[in-house]
Every structure is written in C-alpha cells, then in structure tokens.
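The next block holds one structure in the form of structure tokens; read it before the comments.
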Amino acid sequence: MAEQDITVGQLLLAEYQTVKDEQKARIGFRDNLLYVTLAVVAAVIAAAAQAKQPAMLLALPPVCLVLGWTYLVNDEKISAIGHYVRDELGPRLARLAASDGTFATFGWEAYHRSDTRRRSRKTIQAVIDLTAFCAVPLAALVVFWAGGEGGGLLLALSVLEALAVAGLGAQVLWYARAPRPARTTG
C-alpha cells in the first residue's frame, strides 16, 4: 500500500467531520429560527395594532407554520446526525481501532445524553417550541375571531390555519417524544 492511499479509518473520520459540520450549521440555523419568529410576530402584531386591522393577524399562522416546520425538520436532522454518529459511524471506527471491542469512540455523543436533567430540558424546549410556533398563531386567530370582522372567506381561511397549526403542534409533540430506534451496520 502506498503512503498516499486513503484508509477506511481516514474516510470514516472525514465523514464524521462532514456530518458534524452539517450538524453545527443546522444548529445555528435552527436556533436563529426562534429569533426570526419572535421578530416576525412582533412586526405583524405591531402592524395589525397600528392599522387597527385584526385580519392582518391571519398572516401569523402561515409564517409560524413555515418557520416552525423548518425548525422541526432541522431539529430532526440534528438528532439524526447524532444517532448516526453514535450508532453507525462510532462503532465502525471502534471496530477498526481495536479488535476486542473495548474501545469506545465519540464518547461525548452518548455522555451528554445521560444528564439527569435532559428530560426536563427537552420538555421545556417542547413547550417553548409549541408556544412560539403554535400558541402565538392560535392566540392571533382568537383575537381575529373575537373581532368578528372579515366575512366568510377570511373565517374559513382562519379555520384552515387553526387546523394546520394544530397539526404542527402534533408534529412538535411527536418529534419530542419519538426516540429513533438504534440500528447497527454489519
């Protein structure tokens, strides 16, 4: 084997670096979506209040749906990368590093998940996600409905928006609860 040949271990480490870079980028993007949501909510509420047009609040549900779904998809991919590193990539590298199977790779990937307060943090995060992406647009819809203006078409639209927001809320809860099954490669 020539010195410039690439080993399987080098390829696996390069893959690790690539997926961790993607995970890091997705974390930054996901976390910024909460700030964007807050800014958009504030802007729409201010505009609706200034114009004294409750119908303008109907803009919040679609915006929160798009931002919330994007947040949720990125959060799932962040978790999937962690699972892949723990369940697939790490064990493959460990097999290359030691034949007796006692060598563990990427210990942080499992260690940080064993924190006793992890479950409460995940619950609080789910509440924050539900508040930002679901409760706020539902509150906007309640304000619109309480205003009693807009006619049948806007009322129908608002009901569809409420159903879509409820669907997003169900997905937030589903992803917060659903653990990914462990898989192994041979």
Side-chain angles (χ1 to χ4, degrees), residues 16-86 108-109 112-113 115 117-180:
Y16 170 76
Q17 188 60 54
T18 300
V19 296
K20 290 305 281 186
D21 287 346
E22 178 183 345
Q23 187 181 48
K24 184 172 129 180
R26 284 183 180 274
I27 288 169
F29 181 73
R30 177 205 60 193
D31 292 352
N32 283 329
L33 285 171
L34 279 172
Y35 302 123
V36 169
T37 302
L38 290 173
V40 168
V41 165
V44 170
I45 290 172
Q50 186 175 10
K52 295 183 173 136
Q53 292 291 324
M56 291 175 70
L57 294 174
L58 293 179
L60 279 181
V63 168
C64 289
L65 282 168
V66 169
L67 293 171
W69 182 252
T70 305
Y71 178 94
L72 191 61
V73 167
N74 274 280
D75 190 61
E76 192 281 328
K77 294 300 179 214
I78 291 162
S79 295
I81 290 169
H83 288 289
Y84 178 72
V85 168
R86 277 189 314 280
W108 175 251
E109 296 291 337
H112 80 278
R113 298 173 57 82
D115 180 6
R117 291 175 292 201
R118 183 172 186 271
R119 181 179 287 264
S120 66
R121 278 195 313 274
K122 287 189 72 67
T123 300
I124 291 167
Q125 187 62 54
V127 169
I128 290 169
D129 296 346
L130 286 169
T131 301
F133 301 117
C134 300
V136 168
L138 287 175
L141 289 170
V142 168
V143 169
F144 170 74
W145 293 328
E149 300 173 13
L153 187 58
L154 287 181
L155 181 61
L157 175 64
S158 69
V159 170
L160 289 175
E161 288 179 342
L163 292 172
V165 170
L168 177 63
Q171 289 296 306
V172 168
L173 291 174
W174 176 262
Y175 279 102
R177 296 186 52 155
R180 180 179 296 270

Rounded to the nearest 0.5 Å, what separates atom [atom1] in [X] from atom [atom2] in [Y]?
| X | Y | atom1 | atom2 | result |
| --- | --- | --- | --- | --- |
| Leu160 | Leu155 | CG | CG | 10.0 Å |
| Arg30 | Glu76 | CZ | CD | 12.0 Å |
| Glu22 | Asn74 | CD | CG | 9.0 Å |
| Ile124 | Thr131 | CD1 | OG1 | 11.5 Å |
| Gln53 | Phe144 | CD | CZ | 10.5 Å |
| Leu65 | Leu168 | CG | CG | 5.5 Å |

How are the rings of Trp69 and Tyr175 set to each other: parallel, tilted or perpendicular (split at 30° and 60°)?
perpendicular
Any side-chain heavy atom of [X] within less than 4.5 Å of one from [Y]?
| X | Y | result |
| --- | --- | --- |
| Val44 | Val63 | no |
| Phe29 | Thr70 | yes |
| Asp75 | Ile27 | no |
| Asp129 | Tyr71 | yes |

Evaluation steps, side chain to side chain contact (heavy atoms under 4.5 Å, CB included), between Lys122 and Gln125
CA-CA 5 Å; Lys122 287 189 72 67; Gln125 187 62 54; 5.6 Å; no
So if I apply the side-chain contact (heavy atoms from CB on, under 4.5 Å) rule between Leu138 and each of Leu60, Val165, Val143, Leu130, which one comes out positive?
Val165
Shortest non-hydrogen contact between [X] and [Y], atoms and distance:
| X | Y | value |
| --- | --- | --- |
| Met56 | Ala51 | SD-CB, 3.8 Å |
| Ala162 | Trp145 | CB-CH2, 3.9 Å |
| Pro137 | Pro61 | CB-CA, 3.6 Å |

Could you please spell out the steps behind the side chain to side chain contact (heavy atoms under 4.5 Å, CB included) verdict for Leu57 and Ile45?
CA-CA 7 Å; Leu57 294 174; Ile45 290 172; 4.3 Å; yes
Would you check if there is a donor-acceptor pair between the side chains of Lys20 and Gln23 at a distance under 3.5 Å?
yes
Is it true that a side-chain atom of Arg177 and a backbone atom of Leu173 form a donor plus acceptor pair closer than 3.5 Å?
no
Greater than 12 external heavy atoms within 6.0 Å of Arg121's CZ:
yes
